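Only a predicted model underlies this, so the values are computations on that prediction, with no experimental measurement involved. Atom set for the values below is all heavy atoms of this structure, side chains included, hydrogens, waters and symmetry mates excluded.
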Amino acid sequence: MTAHGQAAISLDEFDQSTMMKQILQLVEASKETGKKQTHFAFDELGTSREAIFIITLLRIKGYTVDLGNSEIIVKEEK
């Protein structure tokens, strides 16, 4: 999956954000404890735009992201 134009610039900037770093740290900490998936409630992901960026970046990084009723479920890298 590749991004184009302004979306690519915005994704690159968001990838370096504190929020994205925290999401990745939580996913890694979850993996280290032996969990195969990490749940994030939508309200933890910020705005709709931020949630879309988080989901997109996680997928680009090779994670499987499933959508639940009020959460996303991040699974181990493919």
Problem - Minimum heavy-atom distance between Leu45 and Phe40, given as atom pair plus value - result: CD2-CB, 3.9 Å
Atom pairs and distances, side-chain donor-acceptor, residues 18-29, under 3.5 Å, sequence neighbours left out:
residue, atom, partner, partner atom, Å
Lys21, NZ, Gln16, O, 3.4
Glu28, OE2, Tyr63, OH, 2.8

Atom pair [atom1]/[atom2] of [X] and [Y] - distance to nearest 0.5 Å:
X	Y	atom1	atom2	value
Ser17	Leu11	OG	CG	10.5 Å
Ile55	Ile60	CD1	CD1	12.0 Å
Leu58	Thr64	CG	OG1	10.5 Å

Completion exercise
Ser30 meets the side-chain hydrogen bond (donor to acceptor under 3.5 Å, both in side chains) criterion, sequence neighbours left out, with Thr38
Practice task
Kindly write out the residues that satisfy side-chain hydrogen bond (donor to acceptor under 3.5 Å, both in side chains) with Lys61, not counting sequence neighbours, or none if the list is empty.
Solution key: Asp15
Handout entry: Worked verdict on Phe14 versus Ile54 for side chain to side chain contact (heavy atoms under 4.5 Å, CB included)
Key = CA-CA 8 Å; Phe14 193 82; Ile54 290 166; 3.5 Å; yes
Fill in the blank from the handout: The complete set of salt bridge (charged side-chain N to carboxylate O under 4.0 Å, His left out) pairs with one or both residues in residues 33-46, sequence neighbours excluded, reads Lys36-Glu76
Fill in the blank from the handout: By side-chain contact (heavy atoms from CB on, under 4.5 Å), Ile73 pairs with (sequence neighbours left out) Gln37, His39, Asp66, Glu71, Lys75
